[in-house]
2 protein chains.
Amino acid sequence: MKGIRQLAKHLDISIGTVSRALNDRPDVNEETRKRVLAAAEELGYVANQSGRSLRQGTTNVIGLMIESSKETVENSDNFFLGVTGGLQSVLSRHKLDLLMLPCPNDEDPHEYLKRMVARRIVDAMIISATQRVDQRIDLLVKAKIPFVALGRSTSGGNHTWIDLDFEGVAACAVDRLVSKGHRRIAIAAPSNDINLGYIFVDAYRQSLERHGIAFDPALVIRVKSSEQGGYQAGHEMLRLDTKPTAIILIYELMAIGLYRRLNEAGIVPGRDLAVIGFREEPRGKFLQPSLTCFRMSLRDLGVELAETLLATMPAYAEHYPKGARNTIWPLELAPGESDAFSLDA
Amino acid sequence: MKGIRQLAKHLDISIGTVSRALNDRPDVNEETRKRVLAAAEELGYVANQSGRSLRQGTTNVIGLMIESSKETVENSDNFFLGVTGGLQSVLSRHKLDLLMLPCPNDEDPHEYLKRMVARRIVDAMIISATQRVDQRIDLLVKAKIPFVALGRSTSGGNHTWIDLDFEGVAACAVDRLVSKGHRRIAIAAPSNDINLGYIFVDAYRQSLERHGIAFDPALVIRVKSSEQGGYQAGHEMLRLDTKPTAIILIYELMAIGLYRRLNEAGIVPGRDLAVIGFREEPRGKFLQPSLTCFRMSLRDLGVELAETLLATMPAYAEHYPKGARNTIWPLELAPGESDAFSLDA
DNA sequence: CTGCCATACTAAAACGTTTCCGCAAAGCAC
DNA sequence: GTGCTTTGCGGAAACGTTTTAGTATGGCAG
């Protein structure tokens, strides 16, 4: 006989009053409320979530679905843990807890999400690593679960999403390289199936064309987003007939493998070949040469995600201005040594 | 009126029978069971977790608590996502779901865990990054929540834990370096407050003494487990009067920063200084020189964790032999170029 | 004194599920 | 046919909480 009932009996008060006292509801004498809170603290009482959820139809839990598939793991790194900090700083203000839902490798993400949603263990969801067509979005729309997608998608009509400014980054990188005299600029990217691969390369193509440089498919090197992929990208690049003078990496860890392969071939990055990475991690600065790449605050992104999500939840929307449903998250250039030279005319 | 009631009405059967059919209980005609399962599939019915948990007193959820504090994030990398794969492969066999509980930076881990436990959203816990004295362990013991600690601790009597074989790694690293003629071996480690820092350095000291080499506190360089820390370790090392001929890094990402600092000083790792890292990540192989370090399968560790945890849960213990309560997880040496030279006598 | 309102509380219903208990029907042995 | 067991199902209690509806008390206006 534990739970609120015991607490009520201990205080010689009805359980209804105890519940109202604990939940800051009206119709409770201030004196009584103090006694209840003190007793709860003393006895270590915390409301059972199942009972509360069952009654209220709400769990006070926000789910962050992450896919731990091999490809994703390799390049997700501490991305999620970084974002989590920002998310929680906002969610905790509303007594919402964040739980990370890692989709098993051998389960279809769509099925996994369906199961989680049906079980009603979360009030709202953040899904990440969205695909160009992503069943999960239709699922959430149909189930009327508030959600934000981290990554744009063509599915599901006009849902809310936040995505990184791939266009801006690609344009900035290309502009920068072109201004230093580069004309043959390669890019190492994951396959088109992955949203990032498709959008980034497309933006790169457009940026080139704006400068009057013809897009050369041979310069698009499709590799995995890892050190291994960087090494392979270097390898592929060296086999080209006319070698590029610069390369853009879609993931900064690729630089480690790329550097290694270049070194093996006697090519010095930052002198013989310009390299620009995509996302800055602390490690970019410590590579040799240090990597020119793009910086963003994972924490701020988390905050934005949380506020956007809350705006879609009826119970919390009032506090959050109905901002744009779709946000492009900017990144800032962090110049390094890896592209710090100009080509001779 | 959704839920099992609607399903029962649709089938014109009592809800009790429907429930038994869905949960593989006896006392249900095979014919009826088929009908129920078909209808559930058709209508997309999945039991509400709150209702079920409330009645059963069990949630079928295993929590993996992770701390996203700055220090931890920097060196956790994809550790958790890697382990998660192995965990889920075992847990899913028992229809248990794994949720990751990220403790907010600004909340005391002990308070956070207390809250989560009291709310009863998990049946069992895995806690990580244990400290030498860790209140969380006492809390879980007292609350009688089955749990496994990833990392040893002096708290809480004889609870179940799994930890990496720091002693073995330190001994192997020291033996290897000594056999190549090194006598002055530095070590870059986090502070003693962190379990890893304390145990690893202690094992290193013992290994040295076994070889009759006096322990020199000046060779213990306390830095953060990051690229930045590696850079700083290199810096500190260069200021020593008698410079070491080898260095052991407690975290392999340190190598990136260390290499950079060495390069700035004109010292070539793998020729002028032997370097051994702790945990292998794919990137170790792609550094230049490639890093000698220690390898382990995160997935296998996850499997071991899951099986150990299930053995502590009364409802599942029968399937899992009562193995050792405490496990030391071995790592395997992965030789690289960074220590591939011997000192002249 | 009567009527009305505000305050602070109690009692009980409700959330969706599982599980205990009882019961009818059917099968079987005699 | 009688007694007993097995099979399959229905009814209802129970889990812990929140919330609604109802009630006693006291203050206050008339």
Side-chain angles (χ1 to χ4, degrees), chain A residues 1-37 39-40 43-61 95 115-123 143 315, chain B residues 1-37 39-40 43-61 95 115-123 143 315:
Chain A
M1 184 63 69
K2 65 200 160 209
I4 201 175
R5 201 158 351 230
Q6 191 186 36
L7 186 58
K9 192 180 293 181
H10 177 259
L11 286 163
D12 205 28
I13 296 183
S14 80
I15 58 177
T17 303
V18 174
S19 174
R20 285 197 308 278
L22 291 173
N23 293 353
D24 278 329
R25 306 223 89 88
D27 274 15
V28 170
N29 185 306
E30 207 45 50
E31 176 72 21
T32 314
R33 169 164 291 144
K34 286 221 176 68
R35 278 181 57 221
V36 171
L37 290 178
L43 301 184
Y45 170 80
V46 177
N48 176 306
Q49 187 61 39
S50 302
R52 157 178 280 176
S53 298
L54 182 58
R55 171 64 225 220
Q56 296 193 130
T58 189
T59 61
N60 288 343
V61 169
K95 294 187 190 289
R115 197 155 54 86
M116 289 302 174
V117 164
R119 284 171 44 158
R120 310 244 149 221
I121 57 178
V122 299
D123 287 346
Chain B
M1 184 65 66
K2 65 198 161 212
I4 200 175
R5 198 151 2 223
Q6 191 186 36
L7 186 57
K9 193 180 293 181
H10 177 259
L11 286 163
D12 204 28
I13 296 183
S14 80
I15 58 177
T17 303
V18 173
S19 175
R20 286 197 305 276
L22 291 173
N23 293 352
D24 277 330
R25 305 223 88 89
D27 276 12
V28 170
N29 185 305
E30 206 46 49
E31 177 72 19
T32 314
R33 167 164 291 140
K34 287 220 176 70
R35 278 181 58 219
V36 172
L37 290 178
L43 300 184
Y45 169 81
V46 177
N48 176 307
Q49 187 61 39
S50 301
R52 156 177 281 178
S53 299
L54 183 57
R55 171 63 226 224
Q56 297 194 132
T58 188
T59 61
N60 288 345
V61 169
K95 293 186 188 291
R115 196 154 54 86
M116 289 303 173
V117 164
R119 283 170 45 160
R120 312 243 148 221
I121 56 179
V122 299
D123 287 346

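Throughout, a chain's letter reflects where its sequence line sits, starting with A, and its residues are numbered from 1.
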Show me the protein contacts with nucleotides 23-28 of chain D, counting only N or O atoms at under 3.5 Å.
none

**Asked** Which of these nucleotides, D/dT17, D/dG16, D/dG8, is closest to any side-chain atom of B/D27?
**Response** D/dG8
**Presence of B/R52 side-chain N/O under 4.0 Å of C/dG16 phosphate oxygens OP1/OP2** = no
**Message:** Please classify the nucleic acid contact of B/G16 as base, sugar-phosphate, or nothing, using heavy-atom distances under 4.0 Å.
**Reply:** base
**Item:** Criterion side chain to side chain contact (heavy atoms under 4.5 Å, CB included) on B/Q49 and A/T59, from CA distance to verdict
**Value:** CA-CA 10 Å; B/Q49 187 61 39; A/T59 61; over 6 Å; no
**Item:** B/T17 side-chain proximity, nearest of D/dT18, D/dG10, C/dG16
**Value:** D/dG10
**Minimum-distance pair of heavy atoms, taken over all atoms of B/V28 and B/T17** = CG2-O, 4.2 Å
**Message:** Just the rounded figure in Å: distance from P of C/dT17 to CZ of A/R120.
**Reply:** 11 Å
**Among C/dC9, D/dT17, C/dT19, the nucleotide that comes nearest once only the side chain of B/R25 is considered** = C/dT19
**Request:** Take the protein atom CG of B/N23 and the nucleotide atom C1' of C/dT19, then report the distance between them rounded to whole Å.
**Result:** 10 Å
**Complete:** Terminal axes of the helix from C/dC1-D/dG30 to C/dC30-D/dG1 (5 end pairs apiece), angle rounded to 10 degrees, sit apart by 50°
**Asked** To the nearest Å, how far apart are A/I121 CD1 and C/dG16 C1'?
**Response** 16 Å
**Asked** When you match B/E30 and A/S19 each to their closest nucleotide on DNA chain D, which lands nearer the 5' end?
**Response** B/E30
**Complete:** Correct closest heavy-atom pair for B/A8 and B/S14 would be CB-C, 4.0 Å
**A/E30 with A/R33: basic N within carboxylate O range, under 4.0 Å** = yes
**Asked** Which nucleotide, D/dT18, C/dC9, C/dT18, lies nearest any side-chain atom of A/R55?
**Response** D/dT18
**Item:** Selection from D/dG10, D/dC15, C/dT17 that lies nearest to any side-chain heavy atom of B/L54
**Value:** D/dC15
**Message:** Using side-chain heavy atoms (C-beta onward) and a distance below 4.5 Å, is B/L37 in contact with B/L22?
**Reply:** yes
**Request:** Could you check which of D/dT17, D/dT20, C/dG16 has an atom nearest any side-chain atom of A/I4?
**Result:** D/dT17
**Asked** Among C/dT18, C/dC9, C/dC20, which nucleotide sits nearest the side chain of A/T32?
**Response** C/dC9
**Item:** Closest contact, heavy atoms only, A/V117 versus A/A143
**Value:** CG1-CB, 4.0 Å
**Request:** Identify which nucleotide among D/dG16, D/dT18, C/dT19 has an atom closest to any side-chain atom of A/A47, counting heavy atoms from C-beta outward.
**Result:** D/dT18
**Request:** Consider the side chain of B/N48, meaning its heavy atoms from C-beta on, and name the nucleotide among D/dT19, C/dT17, D/dC9 that approaches it most closely.
**Result:** C/dT17
**Fill in**
Heavy-atom nearest pair, A/R119 first then B/N60, reads NH2-O, 4.4 Å
**Asked** Run the side chain to side chain contact (heavy atoms under 4.5 Å, CB included) check on A/L43 and A/L7 step by step: do they pass?
**Response** CA-CA 8 Å; A/L43 301 184; A/L7 186 58; 3.8 Å; yes
**Request:** Select from B/Q56 and B/N29 the residue whose nearest nucleotide in DNA chain D is closer to the 5' end of that strand.
**Result:** B/N29
**Stepwise side chain to side chain contact (heavy atoms under 4.5 Å, CB included) test for A/V36 and A/L11** = CA-CA 7 Å; A/V36 171; A/L11 286 163; 3.8 Å; yes
**Request:** Can you tell me the distance, in whole Å, between the CZ atom of A/R5 and the C1' atom of D/dC15?
**Result:** 9 Å
**Request:** Please figure out whether B/S50 or B/R20 has its closest DNA chain C nucleotide nearer the 5' end.
**Result:** B/S50
**Message:** Please find the pair of heavy atoms, one from A/H10 and one from A/A39, that lie closest to each other, and give the distance.
**Reply:** ND1-CB, 4.4 Å
